[in-house]
Protein chains: 2
Amino acid sequence: MGNLKVAKAHIRAENERIILDAAEAIFARHGFRGSTMQMIADQANLPKANVHYYFASKKELYRRVVEQIFGIWLQAANSFEQSDNPAEALRRYIEQKMEISRLRKNGSKVWANEVINGAPIIQDFLENQLTEWTDGRIEMIQKWIDDKKIRPINPRWLLYMIWATTQHYADFTHQVETLNAAEPLSKEQWEDATETVFQIIWAGLVPKSGT
Amino acid sequence: MGNLKVAKAHIRAENERIILDAAEAIFARHGFRGSTMQMIADQANLPKANVHYYFASKKELYRRVVEQIFGIWLQAANSFEQSDNPAEALRRYIEQKMEISRLRKNGSKVWANEVINGAPIIQDFLENQLTEWTDGRIEMIQKWIDDKKIRPINPRWLLYMIWATTQHYADFTHQVETLNAAEPLSKEQWEDATETVFQIIWAGLVPKSGT
DNA sequence: ATCAATCTTGACTGATTGGTCAACTGTGTT
DNA sequence: AACACAGTTGACCAATCAGTCAAGATTGAT
């Protein structure tokens with residue numbers, strides 16, 4: 001009796017995963033309106049009607065994709081934990097965000113698309129979780145400043161700088177690769193870029209020296 | 001005789017401008033597929049058929065919008081001229097790019113949208129003009145490094161950092177404003193953000209001191 | 001006044017697409 | 001074997017939208 005539900009739930013969970021992954025890829029490449037349920041169905045290797053069996057509407061499917069991305073984003077955010085060693089905290093956060101840009105390009109692109117278009121779907125996320133998280137980190141950075149661990153700059157602009165720089169490698173992958181002789185960045189290039197981003201920002205925060 | 005053509009050309013030029021501006025605003029908010037010719041026509045206060053009189057197809061209109069943006073981008077690029085004073089050149093370039101982010105949000109958003117989606121329309125721009133320009137600037141930055149005017153970093157990642165950081169304020173306006181109590185950034189905030197971006201990057205490039 | 005050219009516009013059309021539906025399949029339980 | 005129920009699927013429909021068209025308005029030159 002319970003077995004039946006579990007077995008069925010397993011199929012459901014698996015198909016939902018397949019469809020969500022397909023949808024993320026399609027939404028990333030074509031945006032919300034540019035993606036069709038048929039494209040997503042093809043990407044998932046399922047008939048369109050079957051996609052609608054699992055997700056009532058295109059909007060619902062999109063919302064699920066964006067929610068999933070926000071979850072990953074928050075996870076990375078945690079790597080930026082309370083710490084009185086700014087260099088370590090910043091390094092960890094930048095590395096984490098660059099890693100997400102490398103491995104979860106599609107998610108980042110969907111998120112960017114959503115925000116560029118005024119966040120019609122996930123405005124509540126921005127207003128609640130994101131605002132709360134940002135305020136917390138700003139306080140933390142301010143404390144570093146008060147303790148003279150870094151130079152006095154506006155913490156908010158620093159955060160935006162880190163977000164922008166790291167996400168650039170996901171959102172603008174196409175541009176980055178075009179400027180890299182149409183090749184994806186190699187492992188070495190990713191590491192070098194990450195290190196450079198950290199080095200410039202960190203040296204920019206502390207007048208004395210690097211690392 | 002010539003007069004006729006001039007008079008007509010004037011009307012044409014004016015209407016084309018109105019439509020291009022309207023299209024830029026609509027494409028920025030809704031992306032290519034999300035925008036309808038009807039929306040653009042309404043924004044321009046013209047009947048839809050009239051828009052089609054000036055621009056044969058939606059794609060052509062879009063291409064014209066993107067080309068216009070690329071022109072502005074190149075113009076800013078020129079402010080980053082050959083100079084053996086890195087601090088001055090960088091400051092000028094960052095200020096210019098932040099100014100564009102402030103005044104030409106829509107253009108930047110359309111560009112971002114286009115690149116995120118794999119640049120289906122303007123791939124040739126990326127491959128030619130952008131590649132050429134980028135290579136030139138990289139050489140220039142490398143020279144600064146060789147002359148020990150700035151620390152040895154990979155010039156390419158520095159350029160991406162500047163692009164990403166400055167364009168963030170245009171592309172992610174909605175997020176920035178949500179995190180600013182739903183208010184646009186004030187004149188002072190724009191100036192402060194610009195100065196902070198420059199200060200961090202510049203101090204990050206030169207271990208010795210600021211400015 | 002006449003004419004030719006540009007410009008304007010409401011009405012229409014063919015193609016696309018989100019979503020529905022009813023018939024069907026497979027599986028595990030009794 | 002009979003049944004219940006999750007899952008599958010092709011065919012269909014109503015809405016939307018890019019683009020067309022043909023009839024008319026405007027303008028300026030002669």
Side-chain angles (χ1 to χ4, degrees), chain A residues 1-27 29-66 110 113 117 120-121, chain B residues 1-27 29-66 110 113 117 120-121:
Chain A
M1 215 188 85
N3 264 346
L4 179 108
K5 281 194 176 170
V6 168
K8 294 303 179 182
H10 180 62
I11 289 172
R12 171 167 281 271
E14 193 172 317
N15 280 346
E16 283 185 355
R17 166 97 348 252
I18 289 168
I19 294 168
L20 280 171
D21 285 352
E24 187 181 271
I26 297 299
F27 283 137
R29 189 180 305 273
H30 304 281
F32 178 73
R33 289 290 296 271
S35 304
T36 70
M37 292 301 270
Q38 190 61 60
M39 285 175 178
I40 293 169
D42 289 349
Q43 176 84 15
N45 265 310
L46 290 171
K48 181 168 73 101
N50 204 356
V51 175
H52 267 102
Y53 174 73
Y54 287 104
F55 297 91
S57 71
K58 188 181 174 184
K59 230 177 204 164
E60 188 199 313
L61 176 54
Y62 181 72
R63 185 176 288 114
R64 287 283 298 276
V65 168
V66 177
V110 175
N113 233 308
N117 294 349
I121 305 284
Chain B
M1 213 191 82
N3 266 346
L4 179 107
K5 279 194 178 173
V6 168
K8 294 302 182 183
H10 180 61
I11 288 173
R12 170 168 282 271
E14 192 172 317
N15 281 346
E16 284 185 355
R17 168 105 338 262
I18 288 168
I19 294 168
L20 281 170
D21 285 351
E24 187 181 89
I26 298 298
F27 283 137
R29 191 180 303 274
H30 304 281
F32 178 73
R33 289 288 295 271
S35 304
T36 71
M37 293 301 271
Q38 190 60 60
M39 285 175 179
I40 294 169
D42 289 348
Q43 176 83 15
N45 266 311
L46 292 171
K48 182 168 73 101
N50 205 355
V51 174
H52 266 103
Y53 175 73
Y54 287 104
F55 297 91
S57 71
K58 187 181 174 183
K59 229 175 203 162
E60 188 198 314
L61 177 53
Y62 181 73
R63 185 176 289 114
R64 288 283 298 276
V65 168
V66 176
V110 175
N113 233 309
N117 295 349
I121 305 285

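Below, chain A is the first sequence line, B the second, and so on; all start at residue 1.
- Against DNA chain D, the stretch residues 49-60 of chain B makes heavy-atom approaches under 4.0 Å through B:Ala49, B:His52, B:Ser57, B:Lys58.
- For A:Arg64, the side chain to side chain contact (heavy atoms under 4.5 Å, CB included) partners are A:Glu16, A:Leu20, A:Phe55, A:Glu67, not counting sequence neighbours.
- Within the model, atoms CZ of B:Arg29 and CG of B:Asn113 stand 13.0 Å from one another, a figure rounded to the nearest 0.5 Å.
- Using a 30° and 60° split on the angle between ring planes, B:Phe27 and B:Tyr62 fall in the perpendicular class, above 60°.
- Among all heavy-atom pairs drawn from B:Ala22 and B:Ile40, the shortest one is CB-O, 3.8 Å.
- Shortest non-hydrogen contact noted between B:Met37 and B:Val51 is CE-CG1, 3.8 Å.
- Here the P atom of nucleotide C:dT27 and the CD1 atom of A:Ile11 are 9 Å apart, to the nearest Å.
- Between B:Arg12 and C:dC7 there is a side-chain polar atom (N or O) within less than 4.0 angstrom of OP1 or OP2.
- Using five terminal pairs a side, the axes of the helix from C:dA1-D:dT30 to C:dT30-D:dA1 at its two ends make an angle of 0°, given in steps of 10 degrees.
- For B:Glu60, there are no side chain to side chain donor-acceptor pair (under 3.5 Å) partners at least two apart in sequence or on another chain.
- A pairwise comparison of heavy atoms in B:Asn117 and A:Gly31 identifies OD1-N, 4.4 Å as the closest pair.
- At a non-hydrogen distance threshold of 4.0 Å, A:Arg33, A:Pro47 from residues 33-48 of chain A come into contact with DNA chain D.
- Residue pairs meeting the side-chain hydrogen bond (donor to acceptor under 3.5 Å, both in side chains) criterion with at least one partner in residues 37-58 of chain A, sequence neighbours excluded, are A:Asn15-A:Tyr54, A:Gln38-A:Asp42.
- By the side chain to side chain donor-acceptor pair (under 3.5 Å) test, B:Arg17 pairs with B:Asp21, B:Gln68, sequence neighbours left out.
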Query raised in the report: Can you check side-chain contact (heavy atoms from CB on, under 4.5 Å) on A:Lys59 and A:Ile121, steps first, answer last?
Result: CA-CA 9 Å; A:Lys59 230 177 204 164; A:Ile121 305 284; 4.2 Å; yes

